[in-house]
Protein chains: 2
Amino acid sequence: MSTKNKILDAAEQLFADKGFNGTSLREITSQAEVNLAAVNYHFGSKKELIKAVMSRYMNELSPRLESALEAVCQQQGQPSLIQVFSAFVEPLLSLNEFQENGTSNFLQLLGRGYTDSQGFLRWFLTTQYPNVISYFVDAVQKAYPELTPEDMFWRLHFTMGTIVFTMSSSDALMDIAANDFDRKMDIGEVIQQVIPYVAAGVAAPINRAD
Amino acid sequence: MSTKNKILDAAEQLFADKGFNGTSLREITSQAEVNLAAVNYHFGSKKELIKAVMSRYMNELSPRLESALEAVCQQQGQPSLIQVFSAFVEPLLSLNEFQENGTSNFLQLLGRGYTDSQGFLRWFLTTQYPNVISYFVDAVQKAYPELTPEDMFWRLHFTMGTIVFTMSSSDALMDIAANDFDRKMDIGEVIQQVIPYVAAGVAAPINRAD
DNA sequence: AAACGGTTTAAACAGATGTTTAAAATAGCC
DNA sequence: GGCTATTTTAAACATCTGTTTAAACCGTTT
């Protein structure tokens, strides 16, 4: 395994667990068993390392996501919102073959990126991977044509929030659920739990009474 | 204004903007125009300061929240989920009279607390203010009796996630909305937008097919 | 006026942070 | 083997972190 990949793997795990600000380069390099200076040699800076960790996942995920959403859009008849959201499941779960804890790590990183470091990661994702977003918007548009662009905007961000936030604390939540309900869930089951919720949320009737 | 309150005000604003880890005591004390050592003198440590900032809001909010939820529970007839969630609106908006940007700041702080510092704030809130949560669970239970405790657990956390996550990036989202749709919203309108979404999410049909 | 408790202050503390340096080690190539 | 370019290494860098210290300050009480 190359030094570069050892750093990426260690950084990914630590970033997911403790956030970007909460993880030092020394923690990363000692877990990766490489020299401290290797990060700046291979990546230039900590900020570039964060981008590299996210890019590795996005480059794996975004083509699968785009084709899955495309398939839903192009199937004959109007797709349901459940179908649109379900299109995410397989690509997301496939990250587990790409990397250990891949699905969970990626979603946690996404959550971190929205709140840590003044949202520069949100800028990075929306500018670097605009296709995923526009494909998704098209799919939802087809499934729920009555939704105005403005309502769509908000509901997509609510959805993003639900997913990302849930996943960023999914480990803690799964622990609680295991204790309280005696049922051990994996990340796939949590995703299955959240889909009806977000689908119903997006499909909620529009309240123009106010 | 006392030194203690000057620190609390400055810390609140900075914590909301940049997170707990992302804000140093020197930033806080220089914005508050007090000496650096004042934080440790008055609060003991940074961690205690964080608790104090949150407590100031929770002590203001939780009695209002409890009585609002109690009122919804005790009204005759079965309350709707929209009513349950709407019970949060007035208490939350009342924070704006208590403090400038109070509503927005508090919700952002809540969002920070879930992801920053390994969730110690989640522990703090659930142990220090269990009444708010149990009142809320009761109210939802009444509004949607078919929901099993396990599904309830997940959907309440999805809801928490939606709210908190949306609000923690509400400033950025409101900016985008103002640009794209030429409509300036305030925090109250965002809350009104999110209520149908979370109400429909919690009310979603249970999928036991898997 | 003196003594006192509470508060503020400047300074220093020890440790952690991201980054840079220059020498050492390693690899690939003629 | 000898040369070159890439990579690794230990050490130092300057800066920032939360916290502590001890002296100074202030209003109150004796």
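Sequence lines set the chain letters: A, B, ... in the order given, protein chains first and strands last, and positions in each chain run from 1.
Here the rule is side-chain hydrogen bond (donor to acceptor under 3.5 Å, both in side chains) with A:Asp9, and of A:Gln99, A:Gln31, A:Lys4 only A:Gln99 fits it.
More than 12 heavy atoms of other shown residues, nucleotides or ligands fall within 6.0 angstrom of atom CD in A:Gln141.
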Between protein and nucleotides 9-16 of chain D, what N or O pairs are separated by less than 3.5 Å?
unit_1	atom_1	unit_2	atom_2	d
D:dA10	N7	A:Asn35	ND2	3.4

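For the pair B:Leu61 and B:Pro91, the tightest heavy-atom approach, listed with the atom from each and the gap, is CD1-O, 3.5 Å. The two residues B:Gly188 and B:Leu93 make their nearest non-hydrogen contact at CA-CD2, 3.9 Å.
What separates CZ of B:Phe43 from C1' of C:dT7 is a distance of 14 Å, to the nearest Å. In this structure, B:Lys6 atom NZ and C:dT7 atom P are separated by 14 Å, rounded to whole Å. To the nearest angstrom, P of C:dT7 lies 15 Å from CG of B:Asn40. Rounded to an integer number of Å, the gap from NZ of A:Lys47 to C1' of C:dT17 is 16 Å. Atom pair A:Asn5:CG and D:dT7:P shows a separation of 13 Å (rounding to whole Å applied). The separation between A:Leu14 atom CG and C:dA16 atom C1' is 16 Å, rounded to whole Å. One atom, CD of B:Glu48, and another, P of D:dT20, lie 12 Å apart when rounded to the nearest Å. When the C1' atom of D:dG18 is taken as reference, atom CG of A:Asn21 falls 16 Å away, rounded to whole Å.
At D:dT6, none of the side-chain N or O atoms of A:His42 fall inside 4.0 Å of OP1 or OP2 (strictly under the cut-off). When the side-chain nitrogen and oxygen atoms of A:Thr3 are compared with OP1 and OP2 of D:dT8, one or more of them lie within a distance under 4.0 Å.
Using a 4.0 Å heavy-atom cutoff across all strands shown, A:Thr29 reaches no nucleic acid atom at all.
For the pair B:Gln193/A:His157, no side-chain contact is recorded, criterion being any heavy-atom separation below 4.5 Å from C-beta on. Looking at heavy atoms from C-beta onward, B:Phe106 lies in side-chain contact with B:Leu92 at the 4.5 angstrom threshold.
With 3.5 Å as the limit, one finds a donor-acceptor pair spanning the side chains of A:Asp151 and A:Thr148.
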